[in-house]
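Numbers for residues simply follow the sequence, beginning at 1. Both counts, for ligands and for their atoms, begin at 1 and track the order of listing.
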Amino acid sequence: MTLLAFETSCDETSAAVVQNGRVLSSVVSSQIKLHSEYGGVVPELAAREHLRNLMPVARSALAQAGVTAAELTAVAATRGPGLPSALMVGFKAAQMMAFVLHKPFAGIHHHEAHLYSPWITGNPVAADFDSFQPNVSLIVSGGHTILVRVNALLDHTVLGGTLDDAAGECFDKTGKLMGLPYPAGPEIDRLSEGGNPEAFDFPRPMIHEANDDFSFSGLKTSVRYFLRDHPETLDEPKRLRDLCASVQAAIVHVLATKTLKAARRAGVACVTASGGVTCNRALRRRLEADCRSSGLTLRLAQPNLCTDNAAMIGILAGLRLQHIASADMSQEVLPDWDLNEMGGCSAG
Ligand code: KG4
Ligand code: ZN
């Protein structure tokens, strides 16, 4: 099976060619520069940029894979969740392409695709995945913070999620308060390396609660009050690094602690993580240390596959088309698609 997959749910225009569970090419055109001027993603601009970039990105993915459109056996795209106008561009283009080529089409759940990105290593995903199920997977980005028990291939249960802000949003919004450019997550990661994570004590919301939910809005508010009372912190480079390291430590502590607790409660021996925040070096180190000391196996998505990409969409589409049912072309975009609705449902 040779698939062309598209991902346009937010601010990355991406296309990938996936063949029998292996990624042959993965092209991502990021819109970060465009949106940084506005301090966040502007949906209408994102959709227009997807329109401009989609075909060049698709052509480049096919060329890098050495595959022609006529050689494709299926086409896939993110169906949801995401920004409706942005989703529509990739989804409709992919659906039309499948229609013209008379090939099956698969509309893919964005979060479900993240669950498989830690398994993209160059080997066929299904073979590698087999020895590590069940697992607990943390999906953590600018739009979502979710814990999922992956019971078996294409069978999962949502354990919990954020009640308010996502962890990436917390990085971005606290960074904005510090005057850092959007997205602030990578900048806080960079500045934290020279800072003292114990310099300031910020709250660790919901860390002791016996559930798998998160809340990050209180942490953001406490950074706002801290900066109101100590504005001089931003004028001293050393204090700014300490502030970044302390905020990062609070977010990482909550994410790692709750993920490990969820894994214990769910009775699994393997933990995985993906989504843009999984690029964070402190989070990667902390999960590695905690899993090692708890005897759990850890699979982190490679940094270039943590952020949104079409490779994970193609990998999941291949699995769905192979294991579940033939796809149908009558699907529509679902901007608020609940991951709980996915369990055991048919392709798309
Ligand atoms: O998965 P992603 O590209 O897009 C979605 O939000 O779906 O994730 C982007 C998020 C942003 O909030 C960004 O600040 C955060 O991931 N991020 C990081 C790092 N790299 C990206 N946060 C902390 N440390 C990083 N190194
Ligand atoms: Zn994502």
Original post:
Can you check whether D308 has an N/O within less than 3.5 Å of an N/O in ligand 1?
Top reply: yes
Original post:
Would you say ligand 1 has an N or O under 3.5 Å from any N or O of G168?
Top reply: yes
Original post:
Parallel, tilted or perpendicular: which describes the rings of F91 and F105, with under 30° parallel and over 60° perpendicular?
Top reply: perpendicular
**OP:** Determine the interplanar angle of the W337 and H109 rings, folded into 0 to 90°, and report it as parallel if under 30°, tilted if 30 to 60°, perpendicular if over 60°.
**Re:** tilted
Among all protein heavy atoms, pick out the one at the shortest distance from [atom]; state its residue, atom name and that distance to 0.1 Å.
| atom | result |
| --- | --- |
| atom 24 (N) of ligand 1 | N280 ND2, 3.0 Å |
| atom 9 (C) of ligand 1 | G142 N, 3.9 Å |
| atom 5 (C) of ligand 1 | S141 OG, 3.5 Å |
| atom 8 (O) of ligand 1 | G276 CA, 3.4 Å |
| atom 11 (C) of ligand 1 | D172 OD2, 3.5 Å |
| atom 26 (N) of ligand 1 | D189 OD2, 2.8 Å |

Subject >> R265 and D212 ion-paired at < 4.0 Å >> reply: yes
**OP:** May I ask you to say whether E288 pairs ionically with R284, meaning some side-chain N is under 4.0 Å from a carboxylate O?
**Re:** no
State whether a side-chain donor-acceptor pair under 3.5 Å links [X] with [Y].
| X | Y | value |
| --- | --- | --- |
| T157 | N151 | yes |
| S137 | T272 | yes |
| N20 | R22 | no |
| Q31 | S29 | no |

Proximal atoms of ligand 1 relative to [X] (non-hydrogen, under 4.0 Å):
| X | answer |
| --- | --- |
| G143 | 6 (O) |
| G185 | 14 (O), 18 (C), 19 (C), 22 (N), 23 (C), 24 (N), 25 (C) |
| C279 | 20 (N), 26 (N) |

Original post:
Excluding waters, which protein N, O or S atoms are within less than 2.8 Å of the Zn ion (ligand 2)?
Top reply: H110 NE2, H114 NE2, D308 OD1
Original post:
Which atom names give the shortest non-hydrogen contact between T307 and G276, and what distance separates them?
Top reply: CG2-CA, 3.8 Å
**OP:** For ligand 1, note which part of T307 has a heavy atom under 4.0 Å away: side chain, backbone, both or neither.
**Re:** both
Original post:
side-chain contact (heavy atoms from CB on, under 4.5 Å) with L287: which of N280, L260, V252, L255?
Top reply: L260
**OP:** Take every heavy atom of P186, measure it against each atom of ligand 1, and state whether any distance is under 4.0 Å.
**Re:** yes
Original post:
Rounded to the nearest 0.5 Å, what separation is found between the NE2 atom of H110 and the CG atom of L316?
Top reply: 11.5 Å
Original post:
F226 versus V247: any side-chain heavy-atom pair under 4.5 Å?
Top reply: no
